[in-house]
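Treat the numbers as computed from the prediction; the structure is a model and nothing was measured. Residues take their numbers from the sequence shown, with the count starting at 1.
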Amino acid sequence: MNQGATCRCVVNFTLDQHFPKDVYFYYALENFHQNHRLFVISRDDAQLRGNVEKTPSPRCRPLDYVQRDNLTLPIAPCGLIANAIFNDTFNLYQQHTPQRPVPLIGGGSVWPHERTLKFRNPTGNLRQALANFSRPPSWSRELWELDAQNPDNNGFQNEDLINWMRSAALPSFRKQHRRVDHSVAFFEDGLPRESYTLHIRYTYPVASFGGRKLVILSSPSWMGARNPFMGYLFLTVGTLMLILSCTLFAVHYFL
């Protein structure tokens, strides 16, 4: 959705083991500070709940209004965080002759309460409701046409938008982007051990902030997503607390 140059990249890789279902496709960003205070607060929660009659919140400045066709139009969704939404697109194929597409679909990354309480579309026709609004400056598509395949996945209730608007706590993070459709033949049991080709429509720049982009395929264990960071963090904090407790006990008992 960013305006500017677009390039297409092809990455070949091989899975050396079978990924049992369910298989999830993530994108990751490094050195992107979504947790910066001015970035986090630059949003209008009332607007995201479908209340577009009000003027955009002052928190969205300088991305609250835009000059377009000699008119001053409010931006929807306004703010820095919505303007910076991740917008690379991916297509995954098995290296067969011809190539066999891996079915990547949305769903599963949004909690039900988010669409019922935090992100709602205005009543009626979405395009008409937003006729007097402008898309964010870095977007190339309107808010009502984010998903041409699924009309229910447009507007403020677009899954990719909701997922992006959840600010990450750390400068390096990953977000669920798609999942493999295991109802399709050849992928009922997961992702086979094969050679694959990933086609990337590269539109999201990272050089300006010294960042890096990654894609991750993950098959969760019975404990959830295979992300060891939280486990390491809990073990480290628990060990430090145990050492501190023993030290304080020794000081209290002997001194």
Can you name the one residue among Thr236, Val237, Ile243, Leu242 that meets side-chain contact (heavy atoms from CB on, under 4.5 Å) with Thr239?
Ile243

Does any N or O in the side chain of Arg178 come within less than 3.5 Å of the main-chain N or O of Phe90, such that one atom is a donor and the other an acceptor?
no

Would you please name every residue forming a side-chain hydrogen bond (donor to acceptor under 3.5 Å, both in side chains) with Arg49, sequence neighbours left out?
none

About how many Å separate NZ of Lys118 and CZ of Phe156, when rounded to the nearest 0.5 Å?
15.0 Å

Starting from Leu191, can I reach Ile105 by hopping between I/L/V/M/F/W/Y residues whose side chains sit under 4.5 Å apart?
no

In sequence, state the C-alpha distance, the side-chain angles, and the governing distance for Glu30 and Leu214, and then conclude on side chain to side chain contact (heavy atoms under 4.5 Å, CB included).
CA-CA 8 Å; Glu30 292 184 353; Leu214 305 92; 3.7 Å; yes

Take a 6.0 Å sphere around CZ of Arg166 and say whether it holds more than 12 heavy atoms from other residues, nucleotides or ligands.
yes

Distance in Å, Asp22 CG paired with Arg179 CZ, rounded so as to fall on 0.5 Å steps
7.5 Å

Does the Lys NZ or Arg CZ of Arg100 fall within the cation-pi geometry relative to Phe186 - under 6.0 Å from the ring centre and within 45° of the axis?
yes

Mind checking whether Phe86 and Val215 sit in one hydrophobic cluster, side chains of I, L, V, M, F, W, Y counted as touching below 4.5 Å?
yes

Between Arg115 and Gln157, is there a donor-acceptor pair closer than 3.5 Å when you use the side chain of the first and the backbone of the second?
yes

Given 3.5 Å as the limit, does a donor-acceptor pair link the side chain of Gln34 with the main chain of Ala168, or not?
yes

Checking Asn12 side chain against Thr197 main chain: does a donor-acceptor pair fall under 3.5 Å?
no

Could you give the distance from CG (Asn83) to CG (Leu63), rounded to the nearest 0.5 Å?
5.0 Å

Strictly distance-based, threshold 3.5 Å: is any side-chain N or O of Glu114 a donor or acceptor partner for the main-chain N or O of Ile162?
no

Using a 6.0 Å cut-off, check whether atom CZ of Arg68 has over 12 heavy atoms from anything other than its own residue.
yes

If you take all heavy atoms of Arg120 and Thr116, which pair is closest and at what distance?
NH1-O, 3.1 Å

Using the rule that two of Ile, Leu, Val, Met, Phe, Trp, Tyr join whenever any of their side-chain heavy atoms come within less than 4.5 Å, decide whether Leu29 and Leu198 are in one cluster.
yes

To check you understand the geometry: which heavy-atom pair defines the closest contact between Asp64 and Ser57, and what is its length?
CB-O, 4.4 Å

Side chains of Ser195 and Gln94, donor plus acceptor under 3.5 Å:
no

Apply side chain to side chain contact (heavy atoms under 4.5 Å, CB included) to residues Val40 and Arg37 and explain how you reach the verdict.
CA-CA 5 Å; Val40 170; Arg37 178 179 175 275; 5.9 Å; no

Looking at residues at least two apart in the chain, or sitting in another chain, which of them share a side chain to side chain contact (heavy atoms under 4.5 Å, CB included) with Asn70?
none

Would you say Ser219's side chain and Phe19's backbone share a donor-acceptor pair under 3.5 angstrom?
no

Tell me whether the count of non-hydrogen atoms from other residues, nucleotides or ligands lying under 6.0 Å of NE2 in His18 goes above 12.
yes

Can you tell me how far CG of Leu73 sits from CZ of Phe133, rounded to the nearest 0.5 angstrom?
9.0 Å

Verify side chain to side chain contact (heavy atoms under 4.5 Å, CB included) between Asp160 and Asn163, making sure each step is shown before the conclusion.
CA-CA 5 Å; Asp160 291 336; Asn163 205 4; 5.6 Å; no

Are Val11 and Leu104 linked, directly or through other ILVMFWY residues, by side chains that come within less than 4.5 angstrom of each other?
yes

Kindly give the heavy-atom pair with the smallest separation between Pro101 and Tyr93, and that separation in Å.
CA-CD2, 3.5 Å

Is a side-chain N or O of Trp144 found less than 3.5 angstrom from the main chain of Ala129, in a donor-acceptor match?
no

So do Gln47 and Pro77 actually touch side chain to side chain, heavy atoms under 4.5 Å?
yes

Pairwise distance CG(Asn158) to CD(Glu145) - rounded to 0.5 angstrom:
11.5 Å

Please step through side-chain hydrogen bond (donor to acceptor under 3.5 Å, both in side chains) for the pair Gln67 and Thr72, ending with a clear verdict.
CA-CA 5 Å; Gln67 294 290 330; Thr72 301; 2.6 Å; yes

Centres of the Trp164 and Phe32 rings: under 6.0 Å?
yes

Spatial distance of atom CG (Leu126) from atom CG (Leu146) [nearest 0.5 Å]
9.0 Å

So which of Asp44, Val66, Leu143 actually passes side-chain contact (heavy atoms from CB on, under 4.5 Å) with Ile75?
Val66

For the residue pair Tyr202 and Tyr204, what are the closest heavy atoms and their distance?
CE2-O, 3.6 Å

Would Leu233 end up clustered with Met241 when hydrophobic side chains under 4.5 Å apart are linked, directly or stepwise?
yes

How are the rings of Tyr24 and Tyr26 set relative to one another: parallel (under 30°), tilted (30 to 60°) or perpendicular (over 60°)?
tilted

Ile200 and Val10: side chain to side chain contact (heavy atoms under 4.5 Å, CB included), yes or no, with the steps?
CA-CA 6 Å; Ile200 307 169; Val10 177; over 6 Å; no

More than 12 heavy atoms of other residues, nucleotides or ligands under 6.0 Å from CD of Gln149: is that the case?
no

Kindly indicate, with the supporting measurements, whether the criterion side-chain hydrogen bond (donor to acceptor under 3.5 Å, both in side chains) is fulfilled by Ser167 and Asn35.
CA-CA 6 Å; Ser167 299; Asn35 57 348; over 6 Å; no

When you look at NE2 of His252, are more than 12 heavy atoms from neighbouring residues, nucleotides or ligands closer to it than 6.0 Å?
no

Considering the options Pro56, Cys60, Ser134, which one meets the side-chain contact (heavy atoms from CB on, under 4.5 Å) requirement together with Tyr65?
Pro56

Nearest non-hydrogen partners of Trp139 and Ala82, listed with the distance
NE1-O, 3.0 Å

Over all heavy atoms of both residues, which pair between Pro20 and Val23 is shortest? Give the atoms and the distance, please.
O-CG2, 3.5 Å

If we ignore hydrogens and angles and just use 3.5 Å, is the side chain of Asp69 paired with the main-chain N or O of Leu71 as donor and acceptor?
no

On the 0 to 90° scale, with breaks at 30° and 60°, tag the His177-Phe25 ring pair as parallel, tilted or perpendicular.
tilted

Taking Asp88 as the fixed residue, which of Arg201, Arg8, Lys213 is the one that meets the salt bridge (Lys or Arg N to Asp or Glu O under 4.0 Å) rule?
Lys213

For Ser109 and Glu159, test the side chains for any donor-to-acceptor distance below 3.5 angstrom and give the result as yes or no.
yes

Is the Phe39-His33 ring centre distance short of 6.0 angstrom?
no

